[in-house]
Amino acid sequence: MKVFALVGKPNVGKSTFFNRLARKRLAIVDEMPGVTRDRNMSIIDYKGYQFMLIDTGGFEPDSKEIIPKKMKEQSQLAVEEADGIIFLLDKYSGWTHQDRNIYEFLRRSGKPVYFAVNKIDHVNHEQDIAEFYESGAEEVIAVSAEHGLGVMTLLESMAIDFPGISGKKSDQEEEKDIISISFVGRPNAGKSSLVNHFIGKTKQIVHETPGTTRDPVDNYCKYHQQELCLIDTAGIKRKSRVSMKIDKYSMIAALKSVERSDVALLVIDATEGVVEQDARIAGYVVERGKALILIINKWDLIEKDGKTLNKMTQDIRDKLKFVDFAPILFVSAKTGKRVSNILDKVMDIYKEFSKRIQTSDLNQVLESITARHTPPINGSRQTKLYYAAQVSVRPPTFMITSNYPKSINLSYRRYVTRQFRQFFGFEGSPIRILWRDRSRKGSGEDTGS
């Protein structure tokens, strides 16, 4: 997933623009300049366009005050992390000395910069944006963060350089037979130690100090003739504890690594057990439709009796109920015990993640599970499930046609998902089910797990 930084001087409307694309009030908006003092990020899904957007505080290159200086640092880090930059300008202030300084910095980054002049609320805007061409920009786009004018034009311009954000593949993009595996989790859980074990050499820095790995690192190896890409990531901390500026962007980089992986290994410290942040990370993995394996590391440090394994397993299942499909492996990166089982399990899970079910088999199962438990009644009429088909893989996605899809409650949707798992497996993989109205006047969507 591509990342874009939203940059500009204070009070040009960045937070309003951010909220417009995110379609929810994520950033604090106020008329007082400098309200957004920290970065904010969200995965944007706007009318078919998908990417990650980082909102930043007002960029003030010449300011020596402490808070504006920190805001500048945040903006600079966002630019470093981004693939492209949306440079938001203000119609009313015009092309200023401050804008020139900001653009000079952005230009030196070598990344595509998209000029967007905000606060334009009418179609005839040529005069309003004319002076911004003094910057030397080839294209200046008029937008209104408040009303949405020009937003699609901006996204279309971005998609010329990054076709993937509109769901299209560039001419240079090739399908590669490589399974990408991201190692994610809290700091100091042992992610780098596991990667080192698989690549057979100490390539990653391993230290007891949490947060040693800052940037995601791709490591390539082969296992049973299958090429793998092992992505080691920085430990993901809870937002309230992410204080160092570099850690904030390590977190963004880690989430980006999940986006480009097929299978995510959530590494959990056995000595600490499952905590809230582990659940958040697991939730993010499932939300993005990635296969998941739970790796309980440092198992050698746990005092054991005959009930320890079962007790720990039950505790994990209780705290991570929404990923009950994810297998659990207990390992020790330090001693190497059971670590060799991880890649075997990855290969099995990837097959499940990529599995396609024949339509005839799928509908036979659908008929069986609806006979066992009929769908909820819609008023006085019986809700029927007519037909099911698998529409895609990675993750397995199904379309079920019904006469009243809106009457199918969450409990019944979960029942159907569980039955699909019982009949077809899909271990380690989230299942998505799209519910289609037979009349084609509307449809609902549910992401099962």
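Just the heavy atoms: all of them, side chains too, but no hydrogens, waters or symmetry mates, feed the values below. All of these numbers come straight from a predicted model, not from anything done at the bench. Count residues from 1 along the sequence.
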Check: Taking the side chain from Tyr415 and the backbone from Ile369, do they hold a donor-acceptor pair closer than 3.5 Å?
Finding: yes
Next item on the list: Say whether Thr359 and Gln390, considering side chains only, have a donor N or O and an acceptor N or O under 3.5 Å apart.
Entry: no
Next item on the list: Taking the side chain as every heavy atom from C-beta outward, state whether Cys221 and Leu230 have any atom pair closer than 4.5 Å.
Entry: yes
Item checked: From Phe115, Phe4, Phe17, residue fulfilling ring-ring contact (aromatic ring centres under 6.0 Å, His included) relative to Phe87 -> Phe115
Next item on the list: Compare every heavy atom of Leu294 with every heavy atom of Ala326, then report the nearest pair and how far apart it is.
Entry: CB-CG, 4.1 Å
Next item on the list: Check step by step if side chain to side chain donor-acceptor pair (under 3.5 Å) holds for Arg394 and Ser354.
Entry: CA-CA 5 Å; Arg394 302 177 204 163; Ser354 308; 2.9 Å; yes
Check: Is there a donor-acceptor pair closer than 3.5 Å between any side-chain N or O of Lys111 and the backbone N or O of Glu80?
Finding: yes
Check: Salt-bridged, Lys319 to Asp315, with N to O below 4.0 Å?
Finding: yes
Note to self: Can you give me the closest heavy-atom contact between Gly273 and Ile268, atom names plus distance?
What the structure shows: O-CG2, 3.7 Å
Item checked: Main-chain N/O of Tyr404 paired to Ser402 side chain as donor or acceptor, under 3.5 Å -> yes
Check: Got a salt bridge between Asp262 and Lys290, using NZ or NE/NH1/NH2 to carboxylate O under 4.0 Å?
Finding: no
Item checked: Atom pair CG/CG of Asp348 and Asn341 - distance to nearest 0.5 Å -> 10.5 Å
Notebook entry, point to check: For the atom pair NZ (Lys91) and CG (Asp128), what is the distance rounded to the nearest 0.5 Å?
Noted result: 4.5 Å
Check: Do Thr397 side-chain atoms and Val393 backbone N/O form a donor-acceptor pair below 3.5 Å?
Finding: no
Checklist line | Heavy-atom donor-acceptor pair, Asp55 side chain to Phe18 backbone, under 3.5 Å | finding: no
Taking only distance into account, with no hydrogens and no angle test, what donor-acceptor pairs under 3.5 Å do side-chain atoms of residues 143-156 form with protein atoms, sequence neighbours excluded?
| unit_1 | atom_1 | unit_2 | atom_2 | d |
| --- | --- | --- | --- | --- |
| Ser144 | OG | Asp121 | OD1 | 2.8 |
| Ser144 | OG | His147 | N | 3.1 |

Margin query: Under the salt bridge (Lys or Arg N to Asp or Glu O under 4.0 Å) definition, can you give me all pairs with a residue in residues 297-307, not counting sequence neighbours?
Written below: Asp269-Lys298
Next item on the list: Assess whether atom CD of Glu227 is packed by more than 12 heavy atoms of other residues, nucleotides or ligands within 6.0 Å.
Entry: yes
Notebook entry, point to check: If you measure from OG on Ser192 to CZ on Phe183, what distance do you get to the nearest 0.5 Å?
Noted result: 9.5 Å
Check: Does anything in residues 353-368 pair up under salt bridge (Lys or Arg N to Asp or Glu O under 4.0 Å), and if so which pairs, sequence neighbours excluded?
Finding: Glu352-Lys355
Next item on the list: State which residues pass salt bridge (charged side-chain N to carboxylate O under 4.0 Å, His left out) with Arg317; sequence neighbours excluded, sorted by chain then number.
Entry: none
Notebook entry, point to check: Would you say the side chain of Ile433 lies within less than 4.5 Å of the side chain of Val416, judging by non-hydrogen atoms?
Noted result: yes
Next item on the list: Apply the test side-chain contact (heavy atoms from CB on, under 4.5 Å) to residues Ile181 and Leu343: give CA-CA distance (whole Å), side-chain angles for both, the deciding distance (0.1 Å), then the verdict.
Entry: CA-CA 10 Å; Ile181 308 164; Leu343 293 187; 4.3 Å; yes
Notebook entry, point to check: So, do Lys119 and Asp90 sit near enough that their side-chain heavy atoms are less than 4.5 Å apart?
Noted result: yes
Item checked: Sub-4.5 Å side-chain heavy-atom contact between Ile44 and Tyr49 -> no
Note to self: With a 4.5 Å cut-off on side-chain heavy atoms, are Tyr223 and Val346 touching?
What the structure shows: no
Item checked: Close side-chain approach of Val12 and Leu89, heavy atoms under 4.5 Å -> no
Notebook entry, point to check: Which atom names give the shortest non-hydrogen contact between Thr383 and Ser407, and what distance separates them?
Noted result: OG1-OG, 2.7 Å
Note to self: Strictly by ring pair (Phe, Tyr, Trp, His ring centres under 6.0 Å), give each pair with a member in residues 281-304 just once, sequence neighbours left out.
What the structure shows: Trp299-Phe330
Next item on the list: Would you confirm whether Arg413, through its side chain, and Ile408, through its main-chain N or O, come within 3.5 Å as a donor-acceptor pair?
Entry: yes
Checklist line | Interatomic distance, Ile400 atom CD1 to Leu434 atom CG [nearest 0.5 angstrom] | finding: 9.0 Å
Checklist line | Heavy-atom donor-acceptor pair, Asn297 side chain to Val267 backbone, under 3.5 Å | finding: no
Next item on the list: Just do the side-chain contact (heavy atoms from CB on, under 4.5 Å) check on Ile342 and Phe198 with the steps written out, would you?
Entry: CA-CA 10 Å; Ile342 294 177; Phe198 295 131; 3.7 Å; yes
Notebook entry, point to check: Do you know which two heavy atoms are closest between Pro405 and Trp435, and how far apart they sit?
Noted result: CB-CB, 4.0 Å
Note to self: Restricting to non-hydrogen atoms, name the atom on Asp344 and the atom on His224 that form the minimum distance, rounded to 0.1 Å.
What the structure shows: OD1-NE2, 3.9 Å
Next item on the list: Run the numbers on Arg288 and Glu259 for side-chain contact (heavy atoms from CB on, under 4.5 Å), then give the verdict.
Entry: CA-CA 7 Å; Arg288 304 315 300 164; Glu259 291 292 334; 2.8 Å; yes
Margin query: Set out, in order, the CA-CA distance, both residues' side-chain angles and the distance that settles ring-ring contact (aromatic ring centres under 6.0 Å, His included) for Phe420 and Phe398, then state yes or no.
Written below: CA-CA 10 Å; Phe420 277 12; Phe398 303 89; 5.2 Å; yes
Checklist line | Under the salt bridge (charged side-chain N to carboxylate O under 4.0 Å, His left out) test, residues paired with Glu427 that sit two or more places apart | finding: Lys345
Check: Is the backbone of Ala264 close enough, under 3.5 Å, to the side chain of Ser261 for a donor and an acceptor to pair up by distance?
Finding: no
Item checked: Residue pair Pro375 / Leu385, side-chain heavy-atom distance below 4.5 Å -> yes
Next item on the list: For side-chain contact (heavy atoms from CB on, under 4.5 Å), just list the numbers for Ser193 and Lys334, CA-CA rounded to whole Å, side-chain angles, deciding distance to a tenth of an Å, and then say yes or no.
Entry: CA-CA 7 Å; Ser193 296; Lys334 185 176 182 180; over 6 Å; no
Check: Do Asn409 side-chain atoms and Tyr412 backbone N/O form a donor-acceptor pair below 3.5 Å?
Finding: yes
Margin query: In the structure I gave you, are the side-chain heavy atoms of Phe353 and Pro395 within less than 4.5 Å of one another anywhere?
Written below: yes
Check: Which heavy-atom pair separates Ile165 from Phe51 by the least distance, and what is that distance?
Finding: CG2-CB, 4.1 Å
Notebook entry, point to check: When you check the side-chain N and O atoms of Asp318 and Gln314, is any donor under 3.5 Å from an acceptor?
Noted result: yes
Next item on the list: Could you grab the distance from atom CZ of Arg280 to atom CZ of Arg186, nearest 0.5 Å is fine?
Entry: 13.0 Å
Notebook entry, point to check: What distance do Ile141 atom CD1 and Met158 atom CE have between them, rounded to the nearest 0.5 Å?
Noted result: 9.0 Å
Margin query: Taking Asp45's backbone N and O only, do any of them form a donor-acceptor pair with Gln50's side chain (distance below 3.5 Å, no angle check)?
Written below: no
